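Okay, so here's the structure we're looking at.
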Amino acid sequence: QVQLVESGGGLVQAGGSLRLSCVISRRTSSGYARGWFRQAPGKEREFVPSIANTIWRYGRTYYADSVKGRFTISRDDAKNTVYLQMNSLKPEDTAVYYCAARPESYSDSVGSYNSVGFYNYWGQGTQVTVSS
């Protein structure tokens, strides 16, 4: 059973920074696409950024327009960990943040990386609250 464990959430003032981490319980994770999503109260879960597998898609990254230039996704496959560095945080970034993973196949479309349904595995979520 694959498990994802997030950490790093908390309370921060607007303009501040946080770094989220997500560890996957696999011996090797380089073949997995990894993503971050968030869900605010009363809203649907939405895509934040994703990072492709590092074997044949070379860890390419994709971002939601709302976080481009402020958030950075990265991965360390030696630690089976993906990170989300969040800078210049805004109150509207307040949400529960979830990490997600999928063992990629050659037939997967990169256009699917922003879809909740693309991912097989999810973490339990970590709360990020940005005060104004």
Side-chain angles (χ1 to χ4, degrees):
Q1 179 70 17
V2 175
Q3 291 186 323
L4 303 177
V5 179
E6 303 107 331
S7 61
L11 173 64
V12 65
Q13 288 188 331
S17 298
L18 281 175
R19 189 176 83 153
L20 306 183
S21 301
C22 175
V23 180
I24 185 170
S25 63
R26 302 297 290 178
R27 185 170 297 179
T28 59
S29 60
S30 55
Y32 282 71
R34 310 289 297 275
W36 287 96
F37 289 73
R38 66 187 181 187
Q39 189 167 18
K43 295 188 176 182
E44 293 187 352
R45 192 168 297 189
E46 67 173 2
F47 168 72
V48 186
S50 63
I51 186 165
N53 77 77
T54 53
I55 299 175
W56 72 86
R57 287 190 170 143
Y58 313 110
R60 291 191 180 105
T61 57
Y62 307 88
Y63 292 89
D65 289 342
S66 60
V67 305
K68 280 181 182 176
R70 299 190 299 122
F71 290 11
T72 303
I73 188 171
S74 61
R75 62 192 295 163
D76 183 343
D77 289 339
K79 296 181 179 180
N80 294 321
T81 300
V82 64
Y83 304 97
L84 182 62
Q85 178 66 43
M86 305 185 293
N87 299 328
S88 303
L89 282 161
K90 305 175 181 179
E92 51 263 43
D93 295 317
T94 295
V96 177
Y97 283 69
Y98 297 89
C99 70
R102 175 186 174 91
E104 288 198 76
S105 64
Y106 289 109
S107 61
D108 286 343
S109 167
V110 296
S112 299
Y113 281 8
N114 62 355
S115 171
V116 169
F118 177 73
Y119 296 91
N120 303 97
Y121 307 107
W122 292 84
Q124 80 286 353
T126 185
Q127 177 70 47
V128 171
T129 303
V130 185
S131 63
S132 58

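Worth saying up front: this structure is predicted, and the values here are computed from it rather than measured.
Here the closest heavy-atom approach between residue S21 and residue T81 is recorded as CB-CG2, 4.3 Å. Between I24 and A101, the closest heavy-atom pair is CD1-CB, 3.9 Å. Considering all non-hydrogen atoms of both residues, K68 and D65 come closest at NZ-OD1, 3.2 Å. Shown here for N80 and S29, the closest heavy-atom pair between the two residues is OD1-OG, 2.9 Å. A33 and F118 get closest at one heavy-atom pair: CB-CE2, 4.0 Å. Across all their heavy atoms, A95 and R38 have their closest contact at CB-CB, 3.8 Å.
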Requested in this report: Apply the test side chain to side chain contact (heavy atoms under 4.5 Å, CB included) to residues Y32 and R26: give CA-CA distance (whole Å), side-chain angles for both, the deciding distance (0.1 Å), then the verdict.
Outcome: CA-CA 10 Å; Y32 282 71; R26 302 297 290 178; 3.2 Å; yes
Query raised in the report: Given Y97 and T126, is the side chain to side chain contact (heavy atoms under 4.5 Å, CB included) satisfied, shown in steps?
Result: CA-CA 5 Å; Y97 283 69; T126 185; 4.2 Å; yes
Report task. Any chance you could lay out the side chain to side chain contact (heavy atoms under 4.5 Å, CB included) test for R34 and C22, step after step, and finish with the verdict? Result -> CA-CA 9 Å; R34 310 289 297 275; C22 175; 3.7 Å; yes
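For D77 and R75, the salt-bridge test passes: some basic side-chain N is under 4.0 Å from an acidic carboxylate O. Salt-bridge check for D93 with K90: failed, with every basic side-chain N at 4.0 Å or more from each acidic carboxylate O.
Counted by atom type alone, N87 and S17 present one or more donor-acceptor pairs between their side chains at under 3.5 Å. For S105 and S107, the side-chain atoms include at least one donor-acceptor pair closer than 3.5 Å.
The line from CZ of R70 to OG of S88 is 7.0 Å long, rounded to the nearest 0.5 Å. Considering OG of S25 and CZ of R27, their distance stands at 12.0 Å, rounded to 0.5 Å. Interatomic distance, S115 OG to R45 CZ, rounded to the nearest 0.5 Å: 12.0 Å. Interatomic distance, CD1 of I51 versus CZ of R57, reported as 13.5 Å (0.5 Å rounding). Taken to the nearest 0.5 Å, the CG atom of L18 stands 9.5 Å off from the CG atom of L84. Distance CH2/W36 to CD/E46: 14.5 Å, rounded to 0.5 Å.
Below 30°, between 30° and 60°, or above 60°: for Y119 and F37 the angle between ring planes is above 60°, a perpendicular geometry.
There is no path of hydrophobic side-chain contacts, each under 4.5 Å, that joins F47 to L4. Linking Ile, Leu, Val, Met, Phe, Trp and Tyr residues whenever their side-chain heavy atoms come within less than 4.5 Å places V12 and M86 in a single cluster. Linking Ile, Leu, Val, Met, Phe, Trp and Tyr whenever their side-chain heavy atoms come within less than 4.5 Å leaves V110 and Y106 in two separate clusters.
Listed for the N53 side chain is a donor-acceptor partner under 3.5 Å among the backbone atoms of W56. Using modelled atom types, one side-chain atom of Q39 and one backbone atom of K43 make a donor-acceptor pair closer than 3.5 Å. Distance alone, capped at 3.5 Å, is enough to place a donor-acceptor pair between the E6 side chain and the Q124 backbone. Remark: the backbone N or O of P91 is paired with a side-chain donor or acceptor of T94 at under 3.5 angstrom.
In this structure, R102 fails the cation-pi test against Y121, since its NZ or CZ atom is not both closer than 6.0 Å to the six-membered ring centre and inside 45 degrees of the ring normal.
Residues P103 and N120 meet the side-chain proximity criterion, which asks for heavy atoms closer than 4.5 Å. Counting heavy atoms from C-beta outward, L20 and V128 have side chains that approach closer than 4.5 Å.
A ring pair (Phe, Tyr, Trp, His ring centres under 6.0 Å) check over residues 57-89, counting only residues at least two apart or in different chains, returns the pairs Y62-Y113.
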